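Written below as structure tokens is the structure these notes are about.
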Amino acid sequence: MLDLKFVRENLPAVEEALRRRRAPASLGGFADLDRKRRDLLVKVEALRAERNAASEEIGRLRREKKDASGLMQQMKEVAARIKEMEAGLPEAERQMEEALLNIPNIPDPSVPEGAGEEDNAVVRTWGTPGAFSFPVRDHVDIGAALDILDFDRAAKIAGARFCLSKGAGALLERALINFMLDVHTREHGYMEVLPPFLANSASFFGTGQLPKFEEDLFRVAGTDYFLVPTAEVPVTNIVRDEILPADSLPLKMTAYTPCFRAEAGSYGKDVRGMIRQHQFNKVELVKVCRPEDSWRELEALTADAEDILKRLGLPYRVVTLCTADLGFSSAKTYDLEVWLPSQKRYREISSCSNFTDFQARRAKIRYRDDASGKTRLAHTLNGSGLAAGRTVVAVLENFQQEDGSVVIPEPLRPYMGGMDRIVKR
RNA sequence: GGAGAGGUGGCCGAGUCGGCUGAAGGCAACCGCCUGCUAAGCGGUUGUACGGGUAAAACCGUACCGAGGGUUCGAAUCCCUCCCUCUCCGCCA
């Protein structure tokens, strides 16, 4: 959420940001709405002031055992008028709130303007896609041949867009998760947290998934609970409604969670395999920091996620999402894209974003500034480090051998009982 | 699921028969004084949001004592609904 005063005073800039994002939402009514709301507020507050003064006077008179019935009679009328005027306030405020909640974050000036994926800017590329001397298979075929991925039975159990990992496949994903968590906690300085996998609506408002994107979520029927689509939601909300001591910043947390996404509107997209699932595993990185540090922290967080890919030896590139591709709450996002030999292209495996104070304002995540003693909104960031399911895909595809086996990257072997290769049992 | 207790400012904690409580007291923090230094001691300051006001302040107003509604001239205090936390019992991984 943007600051109301900021929007009011910078309407053209906000409209320009919307235009850059290709978000057609018009702010035409905003100024009027704001004006109307404030006019009403001023009138109501004046009446309340009158009532408060009179009430105090009545209290004084009664203590002095004097007659106050006249004043009380008068105030009865004022009270009625207040009630009448107040009636319009909630609606005016609701409209303002709604308008404000639906304005996305303002893209950082360094974000390239663009209309879609094709306008994302490649920042750097690491590694070289392997050359294969045999016909490359995709992870679905590899997984079926090795009997480690079973999409048919997953469909029986749950439906489309679910996966069942078995044997070395399940072990591989668990190893990846443990490896990622260990690197981030022991070497990158993150604190591991294991949060609830369901969160209430207040948390989803805090990080910006609600009210706009409810259709992307799974809701537990008849409750206020939603399945988390990313650990960002429970982890960032750890500090919702809190004033943090300045010396506790930056807060760096990492969490493994499954992620649940409705994938509404993605029919026909990535239907094959485990690229796009209703449920997938992910290790997330979350930071809460001072505003002046957030851009530096974004670079560091992105590097932490990249480190996993490097250690696994997976070729990847980093792109800056263009304005149209940028998420609602984000001011700037780097996507990490891993090379998939079967698709002969790079696919998203991590998304690292600086939300500036956008989430912090919604979630009331603040800290006390040492110098001024005042509370200030913190900045929040997060990034995948990494999406485990897609990492499994990348490992299977990039390290497949002609004989159908898959070589396990060195760093994962200790997590897999020394296994260095997945072969057909 | 059953029974009970409770939700007040950065934290702890008091609020009497509704008015003088934005809220005692304490802690913490900050600024002075004192001190060779530190500690102790003494004096003072310190909530948030919105609106008005200002060049910016000062300042003024309104709201906020879990959330929402009600009673009243006036509610942290009374009534209703809901949410959450804790304790005990039951059930259970």
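Bear in mind that the values here come from a model prediction, so they are computed numbers and not experimental data. Per chain, numbering begins at 1; letters A, B, ... match sequence-line order.
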Counting N and O atoms only, with roles assigned by atom type, does the side chain of [X] sit under 3.5 Å from a partner on the main chain of [Y], one being a donor and the other an acceptor?
X: A:Arg361; Y: A:Leu377; answer: no
X: A:His278; Y: A:Arg261; answer: yes
X: A:Thr236; Y: A:Val233; answer: no
X: A:Arg38; Y: A:Val42; answer: no

Tell me the interatomic distance from [X], atom [atom1], to [N], atom [atom2], rounded to whole angstroms.
X: A:Glu242; N: B:rU48; atom1: CD; atom2: P; answer: 17 Å
X: A:Leu89; N: B:rA49; atom1: CG; atom2: P; answer: 20 Å
X: A:Asp241; N: B:rU85; atom1: CG; atom2: C1'; answer: 15 Å

Quick tally for nucleotides 55-74 of chain B: nucleotides whose base has a protein heavy atom under 4.0 Å get B, sugar-phosphate-only ones S, the rest -, giving ------BBS-------S-BS
So what does A:Arg8 touch, heavy atoms closer than 4.0 Å: a base, only the sugar-phosphate, or nothing? sugar-phosphate
Could you tell me whether A:Lys5 contacts a base, only the sugar-phosphate backbone, or nothing, with contacts defined as non-hydrogen atoms closer than 4.0 Å? sugar-phosphate
Taking Watson-Crick and G-U wobble pairs with both distances under 3.5 Å, convert RNA chain B into its dot-bracket string, 5' to 3', dots for unpaired and | for cross-strand pairs. ((((((((.[[[..)...(.....]]]((((((.......))))))((((((......)))))).[[[[[..)....]]]]])))))))....
Applying side chain to side chain donor-acceptor pair (under 3.5 Å), can you list everything that pairs with A:Glu297, at least two apart in sequence or on another chain? A:Lys287
Are A:Phe260 and A:Phe197 close enough that their ring centres sit under 6.0 Å apart? no
Distance, nearest 0.5 Å, that separates OG of A:Ser405 from CZ of A:Arg421: 4.0 Å
